[in-house]
2 protein chains.
Amino acid sequence: MENTAENVRAQMRKGVLEYCILSILNKREAYASAIIEELKSVGMIVVEGTLYPLLIRQKNQGLLSYRWEESTQGPPRKYYVLSDKGREQLAQMDAAWQELVDGIQTLKQA
Amino acid sequence: MENTAENVRAQMRKGVLEYCILSILNKREAYASAIIEELKSVGMIVVEGTLYPLLIRQKNQGLLSYRWEESTQGPPRKYYVLSDKGREQLAQMDAAWQELVDGIQTLKQA
DNA sequence: TATAATACCTTGTATCACAAAGTACCTAAA
DNA sequence: TTTAGGTACTTTGTGATACAAGGTATTATA
């Protein structure tokens, strides 16, 4: 599982979702349902069965950690937090995303 | 195999490549190797084994047609041409792409 | 003590893209 | 004329992403 700039760009084609998760958690810690709500609010439909495995994957890669927190309205929540490694990954993905956007814009001109 | 605006956006998450192919063929007809070269020129590495099945898929969906053309430098080439249906699909994908770009920008603010 | 709501998790499936290998055509050199 | 090399198109097997659907567990309320 490499992590070159080229690999990041390859990952970008699939897995825009992974980029979105890191971007959300870069602003504030959050639990799964809140993440889904925020994604929906910008037009990205995501379901639980997609998000949970993704969060677990990112946690196993050391990009995230989590802590349990009691809720006043139901069962405890798993709040995810971006790690230093996650912030590095996010920086790489920011660059890759910008390159993709620029690349497509270039394609459409000419 | 539906084709709602929502479905287009879902497709966008994977399959940015499909969007790129239609965008290239919207400018001019082209054969596979030329398409690969143009994609490489904007930083998107694509290999034959990815592109050929994709072109066949799009042709089977009626988005493209092709014609054979003799080459002075080797075997004949399959030149792909965007169909009316392909142009419609491209217009939908243009909108979906813009929404995705806007959505991510919104995510990163706030 | 049921019931509903919230939250987390798992399994099976379809699709995308890649790696690797194969087929076919054309040209030029031996 | 046969061989080698380049160009172009195709197929097969694999890994990863996301979805659909269903399941488990906790909490509050009727």
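Here the structure is a predicted model, which means the values were calculated and not measured. Order of the sequence lines fixes the chain letters, A, B, ..., with proteins taken first and strands second; residue numbering starts at 1 for each chain.
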S.K.: Counting only side-chain N and O atoms of A/Tyr52, is one of them less than 4.0 Å from OP1 or OP2 of C/dC9?
M.R.: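 False: A/Tyr52 side-chain N/O out of range (4.0 Å or more) of C/dC9 OP1/OP2.
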S.K.: For A/Glu69 and C/dT6, give me the distance from atom CD to atom P, rounded to whole Å.
M.R.: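 The answer, rounded to whole Å, is 18 Å.
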S.K.: Scan A/Leu54 against the nucleic acid and name what it touches under 4.0 Å (heavy atoms): base, sugar-phosphate only, or nothing.
M.R.: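 Since only primed, P, OP1 and OP2 atoms lie under 4.0 Å of A/Leu54, the category is sugar-phosphate.
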S.K.: Treat primed atoms plus P, OP1 and OP2 as sugar-phosphate and everything else as base, then score nucleotides 22-30 of chain C 5' to 3': B for base contact with protein heavy atoms under 4.0 Å, S for sugar-phosphate contact only, - for none.
M.R.: ---BS----
S.K.: Using 0.5 Å steps for rounding, measure from the CD1 atom of A/Ile45 to the CD1 atom of A/Ile36.
M.R.: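 Interatomic distance, A/Ile45 CD1 to A/Ile36 CD1, rounded to 0.5 Å: 10.5 Å.
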S.K.: How close or far is atom P of D/dC9 from atom CZ of B/Arg67, stated in whole angstroms?
M.R.: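 Going from B/Arg67 (CZ) to D/dC9 (P), I get 12 Å.
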S.K.: Tell me the interatomic distance from A/Gln58, atom CD, to D/dA16, atom P, rounded to whole angstroms.
M.R.: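 These atoms are roughly 15 Å apart.
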S.K.: In whole angstroms, how far is the P atom of C/dA17 from the CG atom of B/Leu55?
M.R.: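 Distance, rounded to whole Å: 12 Å.
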S.K.: With a 4.5 Å cut-off on side-chain heavy-atom distances among I, L, V, M, F, W and Y, is there a chain of contacts connecting A/Leu25 to A/Ile56?
M.R.: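 No; A/Ile56 is not reachable from A/Leu25 via cluster members.
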S.K.: Specify the separation, in whole Å, of atom NZ of B/Lys78 and atom C1' of D/dA8.
M.R.: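 My rounded result for the distance is 11 Å.
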S.K.: How close or far is atom C1' of D/dT10 from atom CH2 of B/Trp68, stated in whole angstroms?
M.R.: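 In whole Å, D/dT10 C1' lies 10 Å from B/Trp68 CH2.
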S.K.: Round to the nearest Å and state the distance from A/Leu51 atom CG to D/dC19 atom P.
M.R.: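 Result: 10 Å.
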S.K.: Taking atom types as modelled, is there a side-chain donor on A/Asp94 or A/Gln98 under 3.5 Å from an acceptor on the other?
M.R.: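 Per modelled atom types, A/Asp94 and A/Gln98 side chains form no pair under 3.5 Å.
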S.K.: For D/dA8, does either OP1 or OP2 sit under 4.0 Å from a side-chain N or O belonging to B/Tyr31?
M.R.: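 Answer is yes, contact under 4.0 Å.
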S.K.: With a 4.0 Å cut-off, would you call A/Lys78 and A/Glu29 a salt bridge?
M.R.: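 Judged by the 4.0 Å cut-off on N to carboxylate O distance, A/Lys78 and A/Glu29 do not form a salt bridge.
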S.K.: So which of residues 32-46 of chain B are in contact with DNA chain C, with a heavy-atom cut-off of under 4.0 Å?
M.R.: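 Within this stretch, B/Ile45 sit under 4.0 Å of the strand.
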S.K.: Closer than 4.0 Å, any side-chain N/O of A/Arg57 to the OP1 or OP2 of D/dT17?
M.R.: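 Answer yes for this pair, as a side-chain N or O of A/Arg57 is under 4.0 Å from OP1 or OP2.
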S.K.: Between A/Lys40 and A/Glu38 (salt bridge meaning N to carboxylate O under 4.0 Å), is one present in this structure?
M.R.: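 No salt bridge links A/Lys40 with A/Glu38.
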S.K.: Centres of the A/Tyr31 and A/Tyr79 rings: under 6.0 Å?
M.R.: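 Yes - the distance between ring centres of A/Tyr31 and A/Tyr79 falls below the 6.0 Å cut-off.
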S.K.: Tell me what B/Gly15 touches on the nucleic acid: a base, only sugar-phosphate, or nothing, going by heavy atoms under 4.0 Å.
M.R.: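 Sugar-phosphate: the residue B/Gly15, judged by heavy atoms under 4.0 Å, touches backbone atoms but no base.
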S.K.: Would you kindly compare A/Arg77 and A/Ile56 by the position of their nearest DNA chain C nucleotide and give the one closer to the 5′ end?
M.R.: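 Looking at the nearest nucleotide for each, A/Arg77 comes out on the 5' side.
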S.K.: Any link between B/Val42 and A/Val101 through a network of hydrophobic side chains (Ile, Leu, Val, Met, Phe, Trp, Tyr) touching at under 4.5 Å?
M.R.: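 Same hydrophobic cluster.
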S.K.: Are A/Leu51 and A/Trp68 connected in the hydrophobic side-chain network, where two residues link if heavy atoms are under 4.5 Å apart?
M.R.: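 Shared cluster, yes.
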S.K.: Using whole Å, report how far CD of B/Glu18 lies from P of D/dT17.
M.R.: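 From B/Glu18 CD to D/dT17 P: 20 Å.
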S.K.: Which distance, rounded to the nearest 0.5 Å, do you find between the OG of A/Ser83 and the CD of A/Gln61?
M.R.: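 Going from OG on A/Ser83 over to CD on A/Gln61, the span is 10.5 Å.
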